[in-house]
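Got a structure for you, written out below as structure tokens; questions coming shortly.
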Amino acid sequence: MFPRPQVARSNRLKPIFLQFLLNIHYNNAVVALFAGGRLNYDIVVIGASSAGLFAAEMLAKNGKRVAVLERSDAMESEERTYIVTPGLYRVMQDFPSGIIHQEIDTFRIQSGQNQADIQLSSPDLVIERAELISTLLSRAAAAGVALVSNCEFLGFEIHQGKTRIKVRVDNSLQLVSADYLIGADGVHSAVRKSVGIDPVPSVPLLQAVVDLPAGWDSRMTKVWFEVEDTPYFYWLIPRNRNQAVVGLISEQGDNTQALLDRFLAQKNFKPISFQSGQAALHNRDFPTDFLVGDLPVMLVGDAAGQVKVTTVGGTVTGFLGAKDAAGMIWGDNQLPARLKVTRELDLHQLIRRLLDQMTPEDYTDLIEMLNPSVTNFLSQHDRDNMRSHFWKLAVLQPRFIPLGLKLLFRSVFIQ
Ligand SMILES: Cc1cc2nc3c(=O)[nH]c(=O)nc-3n(C[C@H](O)[C@H](O)[C@H](O)COP(=O)(O)OP(=O)(O)OC[C@H]3O[C@@H](n4cnc5c(N)ncnc54)[C@H](O)[C@@H]3O)c2cc1C
């Protein structure tokens, strides 16, 4: 089931008994997680972020002994405002409404002078990453997950067919045994590197916190297509009733800051602070499941490129990937279920390939093609649930077919 990658063997480290007492500040209490003895869990998860913590919680709730190892010295997160689809509720029915800062029920899209509104029948949700991570940490701890901070994954050591996980805790090297390893260590994944596959492709994402413009409906997000600047788009997302984030995704090598500064100046938005990072991109050619010696290794979240490349949203798809990986471990899911999220992401990769060919005139035409049947369709089906319905768009608006063929032709023969 798992392809065997070539993994370079490292010198065997002396087995050392872990002797540390790790305390993390957690809900203002200091929780002793581990005091001496040997770390030996059913499942070790690398990375205490959304995908890793969600996988850990589900596995612990199914009776597994799970440890999450996090490189940072504090289980906390930088400021980052997220917009996610209501698909979040499909994957986590009990998602706490208290951490939703804003609901979005209108998407306004603009290209040149043309614009169109799409009303969402179920609103998109605006959440803050730090609160999401803090919530997931609480849930994982309540389910019995051991949370270990200041613990960096370094690689694997294989001795006599037995694989162990090499980590650095403070300044000492330690070996950890487990039946499974889940790599949820993000876009620059060290787990991914250790199994010998290329880094996840990624693009720069930059957004500025600004005051919400006077008169702006705080339930409306706006997207501007400006293909001279980026094949993606600019956006304004209200993060609460008073503030918004204005940002863009650009391409590797672009001067993203200069592009955003110019856009902010044009629209007269004054930046209060910036949020930035590399956004992972799905690529269907890369595997996500491996066998390293005798240790099954699964990548989830950004480490697996489980991100919609149309919008580079990775939170819900990372949760879906985590859920599928956890389900495979406790025996609920078979491999085809794990492929479900991949197939959804493959569709986004195909759409992105076409969008990358769009000219300003094509966007103007596209906006004109948004007849009431199409906008009604788009209001019903969120971006995390497109695959089984997407073809219907060609029935609702037959003009999409020649546009799609033209873009496909360009992507194959002109680029
Ligand atoms: C500025 C910005 C805005 C974004 N906005 C949105 C949005 O609006 N909606 C959306 O859906 N997505 C958004 N994304 C994408 C989203 O942030 C990611 O898809 C999501 O965070 C992926 O989560 P993850 O759990 O896979 O990894 P990450 O959040 O990257 O977490 C990885 C964790 O692993 C830890 N780690 C790394 N290396 C090691 C190691 N060697 N050992 C131990 N631990 C390690 C890290 O410290 C980190 O805690 C945005 C991304 C950026 C950069």
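Note that this is a predicted model, so its numbers are computed, not measured. Remember, it's 1-based here, ligands and their atoms both numbered in the order they're listed.
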Inset, instruction - Please report which non-hydrogen protein atom sits nearest to atom 17 (O) of ligand 1, along with the residue it belongs to and the distance in Å to one decimal place. - result: Tyr82 OH, 2.7 Å
Inset, instruction - For atom 8 (O) of ligand 1, find the nearest protein heavy atom and state the residue, atom name and distance (0.1 Å precision). - result: Ile83 N, 2.8 Å
Legend entry - Ala279 near ligand 1 by a heavy-atom separation under 4.0 Å: no
Legend entry - Pick from Val203, Asp185, Val148: the one approaching atom 36 (N) of ligand 1 most closely through a non-hydrogen atom: Asp185
Inset, instruction - Before giving the answer on salt bridge (Lys or Arg N to Asp or Glu O under 4.0 Å), spell out for Arg129 and Glu131 the whole-Å C-alpha distance, their side-chain angles and the decisive distance to 0.1 Å. - result: CA-CA 5 Å; Arg129 175 185 164 97; Glu131 288 176 11; over 6 Å; no
Inset, instruction - List for me each residue that meets ring pair (Phe, Tyr, Trp, His ring centres under 6.0 Å) alongside Phe95, sequence neighbours excluded, and say none if there are none. - result: none
Legend entry - For Ala190, the ligand 1 atoms whose distance to one of its heavy atoms is below 4.0 Å: 41 (N)
Legend entry - Met369 side, atom CE; Asp362 side, atom CG - distance, nearest 0.5 Å: 8.0 Å
Legend entry - Heteroatom distance test (Val316, ligand 1): nitrogen or oxygen, under 3.5 angstrom: no
Inset, instruction - Please confirm whether the backbone N or O of Thr85 pairs with a side-chain atom of Asp382, one donor and one acceptor, at under 3.5 Å? - result: no
Legend entry - atom 47 (O) of ligand 1: nearest protein contact (heavy atom, Å): Glu70 OE2, 2.6 Å
Inset, instruction - Quick one: sort the Phe377 and His381 rings into parallel, tilted or perpendicular, breaks at 30° and 60°. - result: tilted
Legend entry - Sub-4.0 Å heavy-atom approach of Ala322 to ligand 1: no
Legend entry - Side chain, backbone, both or neither: the part of Cys151 lying under 4.0 Å from ligand 1 by heavy atom: backbone
Legend entry - For Phe153, the ligand 1 atoms whose distance to one of its heavy atoms is below 4.0 Å: 40 (C), 41 (N), 42 (N), 43 (C)
Inset, instruction - Could you tell me if any non-hydrogen atom of Arg129 lies under 4.0 Å from any atom of ligand 1? - result: yes
Legend entry - Qualifying residues under side chain to side chain donor-acceptor pair (under 3.5 Å), relative to Thr230, sequence neighbours excluded: none
Inset, instruction - Taking atom types as modelled, find out whether Thr106 and Gln119 have a side-chain donor-acceptor pair closer than 3.5 angstrom. - result: yes
Legend entry - Approximate separation, where rounding is to 0.5 Å, of Ile182 CD1 and Phe54 CZ: 11.5 Å
Legend entry - Numbered atoms and elements of ligand 1 in range of Asp302, under 4.0 angstrom, heavy atoms: 18 (C), 19 (O), 20 (C), 22 (C), 26 (O)
Legend entry - Straight-line distance of Leu125 CG to Ile104 CD1, nearest 0.5 Å: 9.0 Å
Legend entry - Contact check, side chains of Ile237 and Val126, non-hydrogen atoms, under 4.5 Å: yes
Inset, instruction - Identify, for atom 12 (N) of ligand 1, the protein heavy atom at the shortest distance, and state residue, atom and that distance. - result: Gly314 N, 3.2 Å
Legend entry - Closest approach of any protein heavy atom to atom 51 (C) of ligand 1, naming residue and atom: Arg80 NH1, 3.6 Å
Inset, instruction - Give a yes/no verdict on a cation-pi contact between Arg352 and Tyr232, requiring under 6.0 Å between NZ or CZ and the six-membered ring centre and an angle within 45° of the axis. - result: yes
Legend entry - Closest protein heavy atom (residue, atom, distance) for atom 43 (C) of ligand 1: Arg71 N, 3.2 Å
Legend entry - Reported OG1-to-CZ distance for the pair Thr311 and Arg383, which is rounded to 0.5 angstrom: 5.5 Å
Legend entry - Inter-residue atom distance Ile83.CD1 - Asp124.CG, 0.5 Å rounding: 4.5 Å
Inset, instruction - Give me the ring orientation class for Tyr234 and Phe263: parallel if the planes are under 30° apart, tilted from 30 to 60°, perpendicular past 60°. - result: parallel
Inset, instruction - Before signing off on this row, confirm whether Ser50 and ligand 1 have an N or O atom pair separated by under 3.5 Å. - result: yes
Inset, instruction - Would you indicate which of Ser49, Gly321, Ser202 comes nearest to atom 24 (P) of ligand 1 when only heavy atoms are counted? - result: Ser49
Inset, instruction - Taking only heavy atoms of Gly301 into account, list the atoms of ligand 1 that are under 4.0 Å away from them. - result: 26 (O)
Inset, instruction - Report the distance from atom CD1 of Ile109 to atom OG1 of Thr221, rounding to the nearest 0.5 Å. - result: 12.5 Å
Legend entry - Contact atoms of ligand 1, heavy-atom distance to Ser72 under 4.0 Å: 47 (O)
Legend entry - Thr315 neighbourhood, listing ligand 1 atoms whose heavy-atom distance to it stays under 4.0 Å: 10 (C), 11 (O), 12 (N)
Inset, instruction - With heavy atoms only and a cut-off of under 4.0 Å, state how Gln306 meets ligand 1: side chain, backbone, both or neither. - result: neither
Inset, instruction - Any atoms of ligand 1 less than 4.0 Å from a non-hydrogen atom of Ala184? List them with their elements. - result: 32 (C), 33 (C), 34 (O)
Legend entry - Identity and separation of the nearest protein heavy atom to atom 30 (O) of ligand 1: Gly186 CA, 3.5 Å
Legend entry - Interfacing atoms of ligand 1 (cut-off 4.0 Å, heavy-atom, Leu69): 43 (C), 44 (N)
Legend entry - N or O contact, Ala51 vs ligand 1, cut-off under 3.5 Å: yes
Inset, instruction - Around atom 1 (C) of ligand 1, find the nearest protein heavy atom and jot down its residue, atom name and distance. - result: Leu205 CD2, 3.4 Å
